[in-house]
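Here the structure comes first, spelled out in structure tokens, and everything after it is commentary.
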Amino acid sequence: MLAKVVIVGVGLIGGSFALALKRAGQVGEVVGIGRHPEALARALELGIVDRVCDDHADALRGADLVLLAAPVAQTGPILAALLPHLGPQTVVTDAGSTKCDVVAAARAVLGDRVRQFVPGHPIAGSESNGPDAALAGLYQGKKCVLTPLPENAEQDVEKVAGAWRACGAVIHTLSPEDHDRVFAAVSHLPHLLAYALVDDIAAKPHADLLFQYAASGFRDFTRIAGSSPEMWRDISLANRAALLTELDAYLAQLTSMRAMLAAADGVGLQGIYATAQRARREWQEAIEAGALERRSPNQENT
């Protein structure tokens, strides 16, 4: 039971965290702080937070846990504002989609008090933004990756892990470097590609005609292009080295497929399509099998 949790950024991610903890009965009070008064007011109206604060000292007084649910480029400034009021018992975590830059910012700002910062990343989301998008069940059965620091005390890591478990998440652990390499491939590159495709079509002189006939395939491929541009700008720049590596590999794949297409190489194209189809089916089957295991009463959520 967490007596007091502070959420910095009460949109989809932070708001869903608050709602999930409340639904689980694992938090006494949720306090919201952030850059946007209208979002804070809406979160209060929706019951996501119990009160809002513009005084960091008041917000952090007696807090057990602070979640940073803001764009990753804001990590340093937010931590700098919190540090003078950060009690020794308070653990800070984040929900950022990149970790090396977040850890570097935390070390630069917090110094030896970086021991109180446990980096994290819940693998859940939506193309919708703001408090109205928050869902109590957003994290149910979803992975949450923690990237603990050598300085973190075991009980502080467990405090963060326990909060995410209360939200229904399944805890995984990676190093910050491995985290950023993995998510450059399976998250950051797909977002870049979705944004690029929609931007390309929107810039065409007959864009209205193209969008008129875009159907479910286009919708599914580009759904994530509805996500926050500010957030994904920050993620792309923060993880640009790993993202560039993945983008270069993808460009090489496209060049190879273009050559097959130009040469009318149906066998080559079908081979790629078949490999991709098989890999995706296996991935989907693994997800479904994991969901069944998590629903089993004999399985522990670890």
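On a predicted model such as this, the values are computed, not experimentally measured, just so you know.
Grouping Ile, Leu, Val, Met, Phe, Trp and Tyr by side-chain contacts under 4.5 Å, direct or through others, puts Ile201 with Leu197, Val198, Leu210, Phe211, Phe218, Phe221.
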- Step-by-step side chain to side chain contact (heavy atoms under 4.5 Å, CB included) determination, Val30 to Ile48: CA-CA 8 Å; Val30 178; Ile48 294 172; 5.9 Å; no

- Item | Full working for side chain to side chain contact (heavy atoms under 4.5 Å, CB included) between Lys22 and Asp50 | CA-CA 10 Å; Lys22 287 187 168 195; Asp50 300 306; 2.8 Å; yes

- Dump the intermediate steps for side chain to side chain contact (heavy atoms under 4.5 Å, CB included) on Thr75 and Asp101, then the final yes or no. CA-CA 9 Å; Thr75 302; Asp101 62 312; 5.9 Å; no

- Message: Please determine whether side chain to side chain contact (heavy atoms under 4.5 Å, CB included) holds for the pair Arg165 and Gln26, giving the CA-CA distance in whole Å, both sets of side-chain angles, and the decisive distance to 0.1 Å.
- Response: CA-CA 10 Å; Arg165 288 195 195 101; Gln26 291 299 307; over 6 Å; no

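Clustering ILVMFWY residues whenever any of their side-chain heavy atoms sit less than 4.5 angstrom apart, transitively, puts Trp164 in a cluster other than the one holding Leu174. Leu82 and Leu2 end up in different hydrophobic clusters when Ile, Leu, Val, Met, Phe, Trp and Tyr side chains are linked at under 4.5 Å. Follow the hydrophobic side-chain contacts under 4.5 Å out from Phe183 and you never reach Leu243; the two are in separate clusters. Taking hydrophobic clusters as Ile, Leu, Val, Met, Phe, Trp and Tyr residues chained together by side-chain heavy-atom distances below 4.5 Å, Ile13 does not share a cluster with Ile33. In the hydrophobic clustering of this structure, Val8 groups with Val92; members are Ile, Leu, Val, Met, Phe, Trp, Tyr whose side-chain heavy atoms approach within less than 4.5 Å, directly or through other members.
Using cut-offs of 30° and 60° for the angle between ring planes, the Trp232 and His191 rings count as parallel.
The nearest pair of heavy atoms linking Ala166 to Ala24 is O-CB, 3.5 Å. Pairing each heavy atom of Cys167 with each of Phe17, the nearest pair is SG-CD1, 3.6 Å. Counting all heavy atoms, side chain and backbone alike, Ile224 lies closest to Ala194 at CG1-CB, 3.7 Å. Heavy atoms only, all atoms of each residue included: Leu67 and Gly14 are closest at CD2-CA, 4.1 Å. Of all heavy-atom pairs spanning Ala169 and Cys144, the tightest one is CB-CB, 4.0 Å. Considering all non-hydrogen atoms of both residues, Leu19 and Gly47 come closest at CD2-O, 4.3 Å.
Arg23 pairs by the side-chain hydrogen bond (donor to acceptor under 3.5 Å, both in side chains) definition with nothing, not counting sequence neighbours. Glu230 meets the side-chain hydrogen bond (donor to acceptor under 3.5 Å, both in side chains) test with Arg35; sequence neighbours excluded. Here Arg42 pairs with Glu45, Asp132 under the side-chain hydrogen bond (donor to acceptor under 3.5 Å, both in side chains) rule; sequence neighbours left out.
The closest side-chain heavy-atom distance from Val91 to Leu65 is below 4.5 Å. By the 4.5 Å heavy-atom criterion applied to side chains, Leu79 and Leu68 are counted as neighbours. Contact check for Leu251 versus Leu247: side-chain heavy atoms found under the 4.5 Å cut-off. Proximity of His188 to Asp180: side-chain heavy atoms (C-beta onward) are nowhere separated by under 4.5 Å.
Surrounding CD of Glu154 are at most 12 heavy atoms belonging to other residues, nucleotides or ligands under 6.0 Å away. Atom CG of Asp220 has more than 12 heavy atoms from other residues, nucleotides or ligands within 6.0 Å. In this structure, Gln270 places its CD atom where only 12 or fewer heavy-atom neighbours from other residues, nucleotides or ligands lie under 6.0 Å away. More than 12 heavy atoms of other residues, nucleotides or ligands sit less than 6.0 Å from atom CG of Asp55.
Within the model, atoms NZ of Lys159 and CD of Gln89 stand 7.0 Å from one another, a figure rounded to the nearest 0.5 Å. Annotation: the span from His56 atom NE2 to Leu83 atom CG amounts to 12.0 Å, rounded to 0.5 Å. Here CG of Leu237 is found 10.0 Å from OG1 of Thr98. Values are rounded to the nearest 0.5 Å. Considering CG of Leu40 and CD1 of Ile7, their distance stands at 11.5 Å, rounded to 0.5 Å. The CD1 atom of Ile235 sits 9.0 Å away from atom CG of Asn239, with the distance rounded to the nearest 0.5 Å. If you take CG on Leu60 and CG on Asp58, they are separated by 9.5 Å, rounding to the nearest 0.5 Å.
A donor-acceptor pair is defined here as one N or O able to donate and one able to accept, closer than 3.5 Å; no such pair exists between the side chain of Lys142 and the backbone of Gly125. In this structure, Asp178 contributes its side chain and Ser175 its backbone to no donor-acceptor pair below 3.5 Å. Under a 3.5 Å cut-off, the side chain of Arg258 and the backbone N or O of Thr255 do not form any donor-acceptor pair. Checking side-chain atoms of Tyr250 against main-chain N and O of Ala185 turns up no donor-acceptor pair under 3.5 Å. A donor-acceptor pair under 3.5 Å is formed between the side chain of Asp64 and the backbone N or O of Ala3.
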Using distance only, find each side-chain donor-acceptor pair of residues 271-282 under 3.5 Å and give its atom names and separation, not counting sequence neighbours.
| unit_1 | atom_1 | unit_2 | atom_2 | d |
| --- | --- | --- | --- | --- |
| Thr275 | OG1 | Gly271 | O | 3.0 |

Just distance, no hydrogens or angles: give the donor-acceptor pairs under 3.5 Å from side chains in residues 111-119, sequence neighbours left out.
| unit_1 | atom_1 | unit_2 | atom_2 | d |
| --- | --- | --- | --- | --- |
| Arg113 | NE | Gln116 | OE1 | 2.9 |
| Arg113 | NH1 | Leu86 | O | 3.3 |
| Arg113 | NH2 | Leu86 | O | 2.5 |
| Arg113 | NH2 | Gln116 | OE1 | 3.0 |
| Arg115 | NH1 | Asp112 | O | 2.7 |
| Gln116 | NE2 | Gly87 | O | 2.9 |
| Gln116 | NE2 | Thr90 | O | 2.8 |

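If you run side chain to side chain donor-acceptor pair (under 3.5 Å) between His121 and each of His172, His179, Lys143, only His179 comes through.
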